[in-house]
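The block underneath contains the structure these notes are about, expressed in structure tokens.
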2 protein chains.
Amino acid sequence: METLDAVSALGALAQEHRLAVFRMLVKAGLDGMPAGEIADELGVPASSMSFHLAQLNRAGLVTQRRESRSLIYTADFDRMNGLLAYLIEDCCQGRPEVCAPTAEAVSRAACCTPPQKKRARK
Amino acid sequence: METLDAVSALGALAQEHRLAVFRMLVKAGLDGMPAGEIADELGVPASSMSFHLAQLNRAGLVTQRRESRSLIYTADFDRMNGLLAYLIEDCCQGRPEVCAPTAEAVSRAACCTPPQKKRARK
DNA sequence: TCGATAATTCGAGTATCATCGAAATATTGA
DNA sequence: TCAATATTTCGATGATACTCGAATTATCGA
């Protein structure tokens with residue numbers, strides 16, 4: 001991940017509502033959640049939530065797919081892993097012997113693997 | 001680390017200059033760097049840099065100590081580790097079996113351990 | 001085709017961020 | 001005590017960010 005991508009991803013997560021959304025979407029896994037449900041759950045007006053979802057989307061941290069009338073948002077686990085890897089490498093940069101093994105472990109372990117597919121929502 | 005602390009730390013890193021400063025300070029290790037040198041290195045006016053350093057400081061990602069006329073800034077490795085741990089837990093939240101071992105590995109390895117003390121600057 | 005549902009885009013208001021020169025503060029050495 | 005150095009704080013400016021109601025777009029079922 002490039003530095004500018006990291007800045008953009010960090011900025012997307014650096015907001016209370018958006019961090020909450022992302023946490024929620026991680027929990028939801030590959031099924032994702034419709035915009036309206038996210039907004040309801042967090043008690044934020046739909047138009048405000050739409051703004052935040054667009055930011056997360058632009059930063060690549062969530063993807064969007066239409067399912068009938070709903071737009072389903074899903075966390076992008078690869079992207080989040082990319083950010084984590086960047087931060088860990090960044091953090092240890094110039095001193096790889098200190099924690100490169102850890103960075104390596106993280107990237108090998110593919111930390112943010114989406115959980116196995118769940119049942120379709122009722 | 002609490003969610004609001006994470007938002008604040010993420011916000012501090014979500015800016016090109018500040019991310020560059022943090023990278024630089026990580027490289028510098030416990031010795032840290034004086035504000036002026038940081039500003040020079042990045043080609044940013046001193047007053048602008050002071051603003052950014054204050055933000056990093058407020059977010060707890062750097063500490064400040066006076067050494068004669070200079071203010072030396074140092075990366076706070078514990079804080080950065082806290083942020084990484086938060087993000088990794090966050091990312092895997094509700095599905096610990098997927099990557100808890102990785103989070104554990106990261107925290108055990110103390111990824112952002114400051115490198116051993118270097119020579120005093122000339 | 002029409003009404004209902006789900007969401008986004010628009011517009012306007014307020015707030016916070018980023019920038020940078022000038023002025024103020026802290027420290028040192030002579 | 002005074003000039004020089006290192007840095008911050010102040011003030012002003014322009015740019016983004018956040019909020020949310022109203023208007024618009026897309027889709028579905030009858």
Side-chain angles (χ1 to χ4, degrees), chain A residues 3-22 24-25 28 31-74 120-122, chain B residues 3-22 24-25 28 31-74 120-122:
Chain A
T3 292
L4 285 183
D5 294 327
V7 167
S8 146
L10 288 165
L13 293 175
Q15 209 277 344
E16 213 175 336
H17 290 327
R18 290 196 295 264
L19 188 53
V21 167
F22 189 76
M24 194 175 278
L25 289 179
D31 280 355
M33 288 174 69
E37 197 178 323
I38 298 171
D40 284 352
E41 203 92 28
L42 295 180
V44 172
S47 63
S48 302
M49 185 50 71
S50 185
F51 167 82
H52 290 303
L53 289 169
Q55 303 242 352
L56 285 166
N57 191 236
R58 247 179 289 143
L61 286 166
V62 305
T63 56
Q64 192 193 47
R65 71 178 190 275
R66 182 172 281 279
E67 215 163 85
S68 175
R69 265 170 289 202
S70 297
L71 283 173
I72 310 286
Y73 286 89
T74 309
R121 266 186 319 289
K122 60 178 166 311
Chain B
T3 292
L4 284 183
D5 294 327
V7 167
S8 146
L10 288 165
L13 294 175
Q15 208 276 345
E16 212 175 337
H17 291 327
R18 290 197 294 265
L19 189 53
V21 167
F22 189 76
M24 195 175 278
L25 289 180
D31 280 355
M33 287 173 70
E37 196 178 323
I38 299 171
D40 284 352
E41 203 91 30
L42 294 179
V44 172
S47 64
S48 302
M49 185 49 73
S50 184
F51 167 80
H52 290 304
L53 288 169
Q55 302 241 350
L56 286 166
N57 192 236
R58 247 179 289 143
L61 287 166
V62 306
T63 57
Q64 193 192 45
R65 72 178 190 273
R66 182 172 282 279
E67 214 163 86
S68 176
R69 265 171 289 203
S70 297
L71 283 174
I72 310 286
Y73 286 89
T74 309
R121 265 185 319 292
K122 60 177 167 313

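Computed from heavy atoms alone, side chains included, the values below leave out hydrogens, waters and symmetry copies. Numbered from 1 within each chain, the chains take letters A, B, ... in sequence-line order.
- In the displayed structure, Q64(B) atom CD is contacted under 6.0 Å by more than 12 heavy atoms of other residues, nucleotides or ligands.
- Nucleotide dC20(D) holds its C1' atom 13 Å from the CE atom of M49(A), rounded to whole Å.
- Protein atom CD of Q15(B) is 16 Å distant from nucleotide atom P of dA15(D), rounded to whole Å.
- The side chain of R69(A) lies closest to dT27(D), out of dT27(D), dT8(C), dC18(D).
- Residue S68(A) is classed as a sugar-phosphate contact, given heavy-atom separations below 4.0 Å to backbone atoms only.
- In this structure, R18(B) contributes its side chain and H52(B) its backbone to no donor-acceptor pair below 3.5 Å.
- Counting non-hydrogen atoms under 4.0 angstrom, S50(B) reaches a base of the nucleic acid.
- Rounding to whole angstrom units, CD of residue Q64(B) and P of dA26(C) are separated by 13 Å.
- In this structure, L71(B) places its CG atom 13 Å from C1' of dT9(D), rounding to the nearest Å.
- Checked against dT27(C), dT7(D), dA17(D), the side chain of S70(B) finds its nearest nucleotide in dT7(D).
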Next on the checklist: What verdict does the side chain to side chain donor-acceptor pair (under 3.5 Å) test give for T74(A) and R65(A), after you've listed the backbone C-alpha separation in whole Å, the side-chain angles of each residue and the deciding distance to 0.1 Å?
Outcome noted: CA-CA 8 Å; T74(A) 309; R65(A) 71 178 190 275; 3.2 Å; yes
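- Residue Q55(B) places its side chain closer to dA18(C) than to any other of dA18(C), dG29(D), dA6(D).
- Look at Y73(B) and you'll find a side-chain N or O under 4.0 angstrom from OP1 or OP2 of dT8(D).
- Heavy atoms of S48(A) sit under 4.0 angstrom from at least one base atom.
- At least one donor-acceptor pair closer than 3.5 Å links the side chain of R66(A) to the backbone N or O of S68(A).
- Atom pair R65(A):CZ and dA6(C):C1' shows a separation of 15 Å (rounding to whole Å applied).
- Following rounding to the nearest Å, L56(B) (CG) and dC17(C) (C1') show an atom-to-atom distance of 14 Å.
- In this structure, the separation between CG on L56(B) and CG on L25(B) is 8.0 Å, given to the nearest 0.5 Å.
- Note on A35(B): only backbone sugar-phosphate atoms sit closer than 4.0 angstrom, heavy atoms only; bases stay farther off.
- Closest to the side chain of H52(B), out of dT19(C), dT19(D), dA26(C), is dT19(C).
- One atom, CG of L13(A), and another, P of dC18(D), lie 12 Å apart when rounded to the nearest Å.
- Take the nearest nucleotide of DNA chain D for R18(A) and for R66(A): the residue whose nucleotide is more 5' is R18(A).
- L53(B) has its CG atom 13 Å from the C1' atom of dA6(D), to the nearest Å.
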